[in-house]
Amino acid sequence: MKKKEQYALLLKQVQGLLEGESDRVANMANVAAVLHEAFGFWWTGFYLVQGRELVLGPFQGPVACTRIPFGRGVCGTAWQQGRTVVVPDVEEFPGHIACSSASRSEIVVPVIKGKDVVAVLDIDSRELATFDARDAAGLEAIVALLAPLF
Ligand code: SME
C-alpha cells in the first residue's frame, strides 16, 4: 500500500478511536500505538508542553529522555518554529538529542491549538531518510484531531 493511502486509512482509524473517548492521555497513547504498529517505527510518542519544557508523554518504544528545553533538539525546534521538522539524517541536525543511538532519521509534528503548540509528536526510525512530505501531511492531519483535547 502507498504511504498516502496508508495515512488515509490511519486517519479514519484514529477518528474512530477518538469518537468514543475524550481523554487526552488515552487518545495520545492509542495514536502512538496505531502509528508505531502500522509502520514499525523505532520510537513513536508525544512530548507535552509544560512551561518552558517538553515533558515525555505516552509513547511506544525504548526508554526516552524525559525533558527537552524550548528550542533544543528536533522536538524543541519544532515547538519553537511551530512547524513540522523532517530530519533525514540525525547526525546532520545540529543539537539533535540522541535518546537512542539506533535512531537515524526523525520527524517531529507539533500539535497546535489556536496559535499555541501544546505538544509534539516525535517519531524516530532506524533507517536514514524514512520521512518525507507525505508523512508530514499524514501526521499533521492525525494530530489535528488531538488538538481540541487540550
Ligand atoms: N531526538 C529528539 C529527542 C527525543 S527522542 O528521539 C525520543 C530530539 O532531538 O528532540
Side-chain angles (χ1 to χ4, degrees), residues 3-4 6-7 9-11 13-14 17-18 21 23-150:
K3 251 189 201 183
K4 206 176 158 190
Q6 207 169 354
Y7 277 113
L9 285 177
L10 288 170
L11 183 66
Q13 193 185 348
V14 170
L17 282 169
L18 267 57
E21 179 55 63
D23 185 84
R24 183 195 295 171
V25 170
N27 285 331
M28 286 191 290
N30 270 338
V31 168
V34 160
L35 294 171
H36 198 75
E37 291 272 306
F39 292 101
F41 295 133
W42 173 243
W43 195 92
T44 311
F46 291 90
Y47 282 90
L48 295 121
V49 172
Q50 273 186 34
R52 295 288 289 175
E53 286 181 321
L54 291 167
V55 181
L56 183 63
F59 72 95
Q60 298 271 316
V63 167
C65 326
T66 53
R67 288 173 190 270
I68 298 173
F70 183 72
R72 288 280 310 281
V74 187
C75 291
T77 300
W79 175 18
Q80 186 173 38
Q81 298 184 354
R83 62 170 185 91
T84 298
V85 178
V86 175
V87 180
D89 180 352
V90 296
E91 286 181 16
E92 304 281 313
F93 188 92
H96 169 256
I97 301 166
C99 291
S100 158
S101 58
S103 175
R104 307 285 302 281
S105 61
E106 182 163 354
I107 185 169
V108 180
V109 182
V111 182
I112 299 173
K113 181 164 195 187
K115 286 182 180 166
D116 298 323
V117 174
V118 289
V120 299
L121 169 64
D122 177 18
I123 305 180
D124 290 13
S125 163
R126 271 172 296 181
E127 275 106 56
L128 289 169
T130 295
F131 307 102
D132 57 27
R134 292 167 299 174
D135 298 279
L139 295 168
E140 282 165 9
I142 289 171
V143 305
L145 300 174
L146 293 170
L149 303 175
F150 283 81

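Not measured: the values here are computed from a predicted model. Atoms within each ligand, like the ligands themselves, are counted from 1 in listed order. Values below: every heavy atom of this structure, side chains too, minus hydrogens, waters and symmetry copies.
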Taking atom types as modelled, find out whether S100 and W42 have a side-chain donor-acceptor pair closer than 3.5 angstrom.
yes

For V74, which part has a heavy atom under 4.0 Å from ligand 1: side chain, backbone, both, or neither?
both

I'd like to know if the side chain of N27 reaches the main chain of E21, judged simply by a donor and an acceptor atom lying under 3.5 Å from each other, with no hydrogens or angles considered.
yes

For W43, is at least one N or O under 3.5 Å away from an N or O on ligand 1?
no

For atom 1 (N) of ligand 1, the protein heavy atom that lies nearest, with its residue and separation:
I97 O, 2.7 Å

Let me know which of D116, V118, T84, L121 forms a side-chain contact (heavy atoms from CB on, under 4.5 Å) with P110.
T84

Interatomic spacing from CG in D124 to OG1 in T44 - rounded to 0.5 Å
8.0 Å

Purely on distance, is any nitrogen or oxygen of I68 under 3.5 Å from one on ligand 1?
no

Going by the 4.0 angstrom heavy-atom rule, the piece of C99 near ligand 1 is side chain

Could you list the atoms of ligand 1 found under 4.0 angstrom from a heavy atom of H96?
1 (N), 9 (O)

When the aromatic ring centroids of F39 and F131 are compared, is their separation below 6.0 Å?
no

To which protein heavy atom is atom 6 (O) of ligand 1 closest, and what is the distance rounded to 0.1 Å?
D124 OD2, 2.7 Å

Any atom of ligand 1 sitting under 4.0 Å from a heavy atom of Y47?
yes

Nearest non-hydrogen protein atom to atom 10 (O) of ligand 1, with distance, is C75 N, 2.8 Å

N/O donor-acceptor pair under 3.5 Å between N30 side chain and A33 backbone:
no

Tell me whether T130 contacts the main-chain N or O of S105 through its side chain, where contact means a donor paired with an acceptor under 3.5 Å.
no

Between E106 and ligand 1, does any nitrogen or oxygen pair lie at a separation below 3.5 Å?
yes

Step through the shown structure and confirm whether more than 12 heavy atoms of other residues, nucleotides or ligands are within 6.0 Å of CD on Q80.
yes

Check each heavy atom of D122 against ligand 1 and say whether those closer than 4.0 Å belong to the side chain, the backbone, both or neither.
side chain

Side chain or backbone of F59 under 4.0 Å from ligand 1, or both, or neither, by non-hydrogen atoms?
neither

